[in-house]
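Read the structure below first, then the notes.
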Amino acid sequence: MPFIPHTEADTAAMLAAIGVDSIEALFDEVPATLRAPPLDAVPPGLNEAGVTRLLRARAGRNELPVCFAGAGAYDHHVPAAVWQIATRGEFYSAYTPYQAEASQGTLQVIYEFQSMLTTLLDMEVANASLYDGASALAEAVLMAVRLARRPGCVLLPRSLHPHYRQAVRTLTAPQQIELVEVDYDRQTGQVDLAALAALDATPIAALVVPQPNVFGVIEPVDALVDWAQERQALTIAAVNPIAMALLQPPGRWGSGPGADIVVGEGQPLGVPLAAGGPYFGFMAARQAHVRQMPGRIVGRTRDLEGRVGYTLTLQPREQHIRRGRATSNICTNQGLMVTAATIYLALMGGEGLRRVAVASHARLRELLDLLAPEGVRPRFTGPHFHEAALALPQPAAMVRDGMLAAGVLGGVVLDAWYPELGPTLLACTTEQREAEDLARYRTALREALA
Amino acid sequence: MPFIPHTEADTAAMLAAIGVDSIEALFDEVPATLRAPPLDAVPPGLNEAGVTRLLRARAGRNELPVCFAGAGAYDHHVPAAVWQIATRGEFYSAYTPYQAEASQGTLQVIYEFQSMLTTLLDMEVANASLYDGASALAEAVLMAVRLARRPGCVLLPRSLHPHYRQAVRTLTAPQQIELVEVDYDRQTGQVDLAALAALDATPIAALVVPQPNVFGVIEPVDALVDWAQERQALTIAAVNPIAMALLQPPGRWGSGPGADIVVGEGQPLGVPLAAGGPYFGFMAARQAHVRQMPGRIVGRTRDLEGRVGYTLTLQPREQHIRRGRATSNICTNQGLMVTAATIYLALMGGEGLRRVAVASHARLRELLDLLAPEGVRPRFTGPHFHEAALALPQPAAMVRDGMLAAGVLGGVVLDAWYPELGPTLLACTTEQREAEDLARYRTALREALA
Amino acid sequence: MSVARQAGEPLIFELGAPGRQARSQWPQRPERTGDTADLAAALREDVPALPAVSELQVVRHYTRLSQRNFSIDTHFYPLGSCTMKYNPRAANALAQLPGFAELHPLAPASSMQGLLQTLFELQELLAAVTGMAAVSLTPMAGAQGEFAGMAMIRAYHQARGDTERVEVLVPDAAHGTNPATAVMCGYRVREIPTGADGDVDLAALAAALGPQTAAIMLTNPSTLGVFERQIERIARLVHEAGGLLYYDGANLNAILGKVRPGDMGFDVLHLNLHKTFSTPHGGGGPGAGAVGVAERLRPFLPVPHVIEAAAGYRLAGEDDLPASIGRLSTFMGNTGVLLRAYIYARLLGREGMGRVADYATLNANYLLARLQEVGFQPALPRRRATHEFLLTLSALHKQTGATATDFAKGLLDFGIHAPTIYFPLLVPECLLIEPTETEDRQTLDGFIEAMQALLALAQSDLARLQAAPEQLPVRRLDEVRAARTLDLRHRPLPADPTTEDDA
Amino acid sequence: MSVARQAGEPLIFELGAPGRQARSQWPQRPERTGDTADLAAALREDVPALPAVSELQVVRHYTRLSQRNFSIDTHFYPLGSCTMKYNPRAANALAQLPGFAELHPLAPASSMQGLLQTLFELQELLAAVTGMAAVSLTPMAGAQGEFAGMAMIRAYHQARGDTERVEVLVPDAAHGTNPATAVMCGYRVREIPTGADGDVDLAALAAALGPQTAAIMLTNPSTLGVFERQIERIARLVHEAGGLLYYDGANLNAILGKVRPGDMGFDVLHLNLHKTFSTPHGGGGPGAGAVGVAERLRPFLPVPHVIEAAAGYRLAGEDDLPASIGRLSTFMGNTGVLLRAYIYARLLGREGMGRVADYATLNANYLLARLQEVGFQPALPRRRATHEFLLTLSALHKQTGATATDFAKGLLDFGIHAPTIYFPLLVPECLLIEPTETEDRQTLDGFIEAMQALLALAQSDLARLQAAPEQLPVRRLDEVRAARTLDLRHRPLPADPTTEDDA
Ligand SMILES: Cc1ncc(COP(=O)(O)O)c(C=O)c1O
Ligand SMILES: Cc1ncc(COP(=O)(O)O)c(C=O)c1O
């Protein structure tokens, strides 16, 4: 019996100890009417070799083109050490570290992660992860509403990834939070400051600031944060963590004390693309907000003998203590991804991470230089970070499919989300895209357009 | 600098502590005339991502047909747990367990391996591995000559894998051991008992008995061992360890006390094909022979406080103590492969291993049943274990290449080694070959012959 | 001088030195002047003060840290409600195949048919096993599954114009995520008491039901480790009141393949694939909280989920499903976890599912019987254990002062992870013990011996018990200090802005 | 009663129970009656009494056992002569790609061009780095490389009809494999003494040379951790006597990219790729002992090795190379190890090679300088350390009774693996210390502190030092008992011949 260690002798002896004569008898409290029918829809069991054969065939039916798609999931190099260590049984098969003394490994990793993340973002506190970027933003919106000095709506720029906006909507809808979308400047691709000015009279609880935004465009974060702070609104930054090694971190945005809450998608930090997950959402905030922060938090403390140790702390924020009054319903988070990201960040160091950002960015500029002679140019004038919306002369989905046939995933069809833009492909480069890949992109695009 | 942790400050401080002003100065005892020229033939360094790209491209240029080749390397299923555990850093990056207290993990694994192997073979002692099957046989030949009650030649049946015979020749040549080959019966594919009888007058130190032999044929091991023992010769069994779960183990061969020394290729026990290595050679023997056995041996003992522990033992047999008078020059062996094999054997258990043998064998019979209507039949009449020499109507290399184009590696060209057989393909099935693979074999063969 | 006890593991920051690097990880393309000229206005001035360490230091540090954990792969881990069973290593290997791990989530469906087929089959398989009409795999953990489920219930009532249903009933023994979810979904929570026999107090339930009732959230077996025998009556009562039944699937391991929530009358459920379907818990996550619904709730399923169309499998989005509660995350959920669950399900097969419940139940009942023999008190002595059971140390606590925490910490010294303690909240000094079906009898016997030894210690030398653990990398930790001092991050020295050149 | 110290790990056999199985690993095809009818006469009667355990038991047992090891990935491991440096994790990942790991060794060359090209390039690269004309990768470890090298020397002399050369010179400090190999190759060994300064005693060498001299086996730097300064003179002398020079490449890390054995006058060499090229040692192996030769020895290279032909790369066999010493193993060597070495070489690149020697040397000299400062005696006080150096505790031993073994065991309590002890044999109470280039300064400083503490302990509390280690899973082990009782295997109970049916 797969995974069940009982021998017939074991079973017999155990039944005898219990005082029943069959396993069936142990289900005597289950009404007979409720017994399940045979599970005919479930196929018979396979052995490991059989499952291996099956899954390899399935994996073989997925294509692996050279990847120029981004839009929230980025094809950075994942050092081999990251997952060889993260999948060690002691990390992989442990539960949430409820028993601190038996979980110092995981707890110290999280403490180090909190330290690295706050350093990267220049924030004061961080949690041990939320589900992903979009759901983390939803949690930040709920947190901001709890923290807000005055009631009001939450502003979501349209330059924020549409899936983030949709998830925020789904996850906050039952709490009747008013979400107001703010348009983007058709020229620059940045938040439309005029649209924002039009909201001057509206009571605002919080403003979400993406950096870079879904177009890959750098937002005027200082102006946005100052605008919000003048209106007593909180600011929630939604950032790409790799970009943070290069760009001003949210803790320094604006002329005041910076963003209040920072969230983002942790995937770029050593997590494979994996068709969308598991990734992890991160969240950092100012110290003053920590008691409204959802998610697990690890603190450093001492043991009986004065030795340093780590433990979950501020648990009264959480559902298992506070139940209906918790800061969130989250329980299981994305711990193993945080372990991976911590190892990744340690491997890269600050300078290495900066180089990844620089190289990713420089490749985009090289790609744009290659494509200009083909007549394909960025749709927006704002500065870009490693991703750009390319205006196309033909339907973007057709172009993408054409390029795919040449083994190149040319990007994400942006006009599916923003029909007003006309045919647009959102193309992204990471440090993994070598010069020959860029050349291949050009050729594939040229042929797809021909 | 890849893998070098020194900062400029470290280097400066360390040089100061040494009292020199440059690293160069540390090489002042090396004659200037000897300094190497620039290594222009070595390409500049790549980063991990670059090497990954390169090696994936190289791996992609190797074909992975459905494998029906055997001849000493077998495509059995390797459970995922085996290598996920064996490549844990603590096993993977440890040295030979010279400091027993700091190596109880590796040492206990080897002790368990010795226990499993002796159980499987029904022998009394085993070592911690030799390089591979062929070199283990060479060591066994040398050991037998040291043990031999009277000087004489060593008999190598021609039904023994030719690479084993070649390696034995290479490795024993300098010691002027007389190796005599014994022909095989053209009908049965077994050792030719008449040829053996012709040697009745020759002084014989040892007889090598392959089981199964290179043709996949089961040898009459009882008769062979009895023949040798009547002549005071030692017997060295060279066996496939998977077969040993099904067939009489060497410890029980013949009417006397069984084989003296048993060797074989450990690859079938959880080690990937990997183009030929690393594999491992195993060796077991009767207790009385242990002091002539080469290789590391682990024994169980106690610590200061009476706790059970494990340590290398009988080290005076080895080169680092006995130097020129050691039982062998072997030092580094194939330890990690033994770790993998130990995990494999534990996962399979006796019954599981037997089932692997049975299924592998049954698939061969099914394959032969499929091929008979095509007019392709085994060349030999002796009983086969999961591998058979197929007599072909056309040159075997051509047939093999034709089948390869259809994604099937149909076997190993046997007449390259045994021209007297005429076109022959040595085909093998493991438990991994499903019915659809067999059908594919038939189709590919049919087309290659067409 | 004495031989030093091996010190604790320093922080990775403390291992660093300015300028040290794991250089093989840096991009191939060297940095060139002007590379970031177009970003000048937005650039940060400093390099973030992350650890500056070598690759060996990283590998060594995190390998060593890993050894400071208990885990299924190293220890018996009978953590109640968490189903800490063996996570097949094959699932880990196969989910990491490049054909899965390197797929971009927004690549066109045509280019990932192998994945989509697999997810589609998982949807179907889970629907069959739970007796529900349809499944969406997108929720990323149990709690998000609960959110999705309760949001669907809300959407259902709203779609019918039934807008006065503002209350959700939750038994007092429920997991904290249940009330927290109900509140996140905009509901008022009303607690329903548990009867002395461990079943829901039916009278109280009947009294609580009304036109304001949107739903009841239940798990069966309950968090008390017993099967709710009145479940059919409860379903009838709630449905008659116009409410729906939500099934918290965290305890499905107890009845997998034997009883289906759909047949019990549940309208919506989530599964904890990271429990019942044996995906690893990863020291906190990730999980996957697939939701299943009865036919009438199908239109509200969260997106995306996989549908089969003429051109192959594809992801259904908000356009396809106008009544959907919407999207819960950026992409399609924790795909890598879902693959592991699928692999596990295929390894078990139809005949393996029921065996999970059989042997999980056998193990729990064996432990319960033997622990009672050696002097422990079940919280519900007249009930059959399911896959887990609840002990209470309340009498012992009154007699000796020993607490559930003391037993938890004491077990660690025996190399056994503690059971869940102080949950459910209504049973004082309780231990919720779930051995799972993958543990062998010797291991269970070792647990019984350890518990017996701790019982003796509580009675003979309480101070020693209170000082446990003794054998772990740290002794008992001061959680009060942690909450008071709030030391939540290493504070690095100011960063060194100079960087080493491309040597 | 006391809280139990966590027990040692039982043997896997002790965890088993008859009939228990890891069933997912059994073949898919069920056994059918008659499956083995054709083998009836040869069948064994019983099922071998291997452990009968579950998959979880296996995973847990071996995971726990692994934690009972020191390793590079967890501990500083300055084991002299063994070059225990960081083994890049990328090499492990890439060598296991299915395109390498699943190749059958006898598949036609045309179907494995990616592999053969890689091995060919490795041959070329190693030839360039060592200054040799040609390389064969087939030897499976250093000692097999030595065998191949000495067999080539023998073949060379024989080919020239120079059959009276029956003696091989080996310095007294040589590694044990050197004399053992010479004997395996049919030679008489003559030991050459080392001078007081650590170099070969040239006068003794000159006296030993003669028409009977087949070769000298040297490693440079020598096993004393110093560079043989007279190497050019030695080469001249030996060559003049008609002998050849064999280079034991175990210490190449010290001079990688800076000095080439070929330029020193060596005719044949082996490399320990598992040392210098950082392939993992695996708790004992596998290694790879590539051999390189000067032009005149090329015809004798062992087979197979890769050649480039019009149709692509292929393996040369005995047919191509009639003078070859022949085949050393069944297939083409430890390919998986060779791939790892290639990956490492490409990661280093030409500029990285020399840095290995630089920083390995820096680390060793730093340790030596600092250890001298705190009171340790170098074996060769007037010599520069290379990548390793030799201390002798001989004076301390006379003064206090403390031994090299005591220091070795004492270091373990500090979480540091012991250096090599009692090798080379000619220096009493010696420690051969090789930090390698991948260790950082803090780690080296920690080692110095530990050594200093042990020195103090030797002087203050010898009994305590002699009782070390205290912090490991076992205390000092009784090796005499091990050799006396010869308990070399677990003796299982008689097997149960009945087998469970296909449930
Ligand atoms: C009974 C019960 N319900 C719900 C949950 C929440 O599941 P998750 O942690 O996956 O969010 C848990 C898990 O701890 C649980 O035990
Ligand atoms: C100096 C020296 N020569 C030769 C060898 C033998 O190498 P191997 O162990 O790979 O056979 C070693 C390894 O221990 C060594 O240190």
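All chains are named by letter (A, B, ...) in the order of the sequence lines, taking the proteins before the strands, and each is independently numbered beginning at 1.
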Note to self: Between B:Glu29 (side chain only) and D:Arg384 (backbone N and O only), is there a donor and an acceptor less than 3.5 Å apart?
What the structure shows: yes
Checklist line | Aromatic B:Phe3 / basic D:Lys85 pairing, under 6.0 angstrom, 45° off normal | finding: no
Note to self: Among residues at least two apart in sequence or on other chains, which ones pass salt bridge (Lys or Arg N to Asp or Glu O under 4.0 Å) with D:Arg229?
What the structure shows: D:Asp197, D:Asp199
Margin query: Given heavy-atom pairs under 4.5 angstrom as the criterion, report whether the side chain, backbone, both or neither of B:Arg400 touches chain D.
Written below: side chain
Note to self: Between B:Val221 and chain D, with a heavy-atom cut-off of 4.5 Å, which part of the residue counts as in contact: side chain, backbone, both or neither?
What the structure shows: neither
Item checked: Lys/Arg N to Asp/Glu carboxylate O, D:Asp38 vs B:Arg365, below 4.0 Å -> yes
Check: If you measure from the Lys or Arg side-chain nitrogens to the Asp or Glu carboxylate oxygens, is any gap between B:Asp10 and D:Arg441 under 4.0 Å?
Finding: yes
Check: If you take all heavy atoms of B:Glu351 and D:Trp26, which pair is closest and at what distance?
Finding: CG-CH2, 3.4 Å
Next item on the list: If the plane angle is over 60° it's perpendicular, under 30° parallel, otherwise tilted; pick one for B:His6 and D:Tyr359.
Entry: tilted
Item checked: With D:His104 via side chain to side chain donor-acceptor pair (under 3.5 Å) - residues at least two apart -> none
Item checked: Residue pair B:Arg61, D:Gln117: steps toward the side-chain hydrogen bond (donor to acceptor under 3.5 Å, both in side chains) verdict -> CA-CA 10 Å; B:Arg61 292 184 53 228; D:Gln117 179 184 354; 2.7 Å; yes
Notebook entry, point to check: Looking just at side-chain N and O atoms, do D:Asn334 and B:Tyr279 make a donor-acceptor pair shorter than 3.5 Å?
Noted result: no
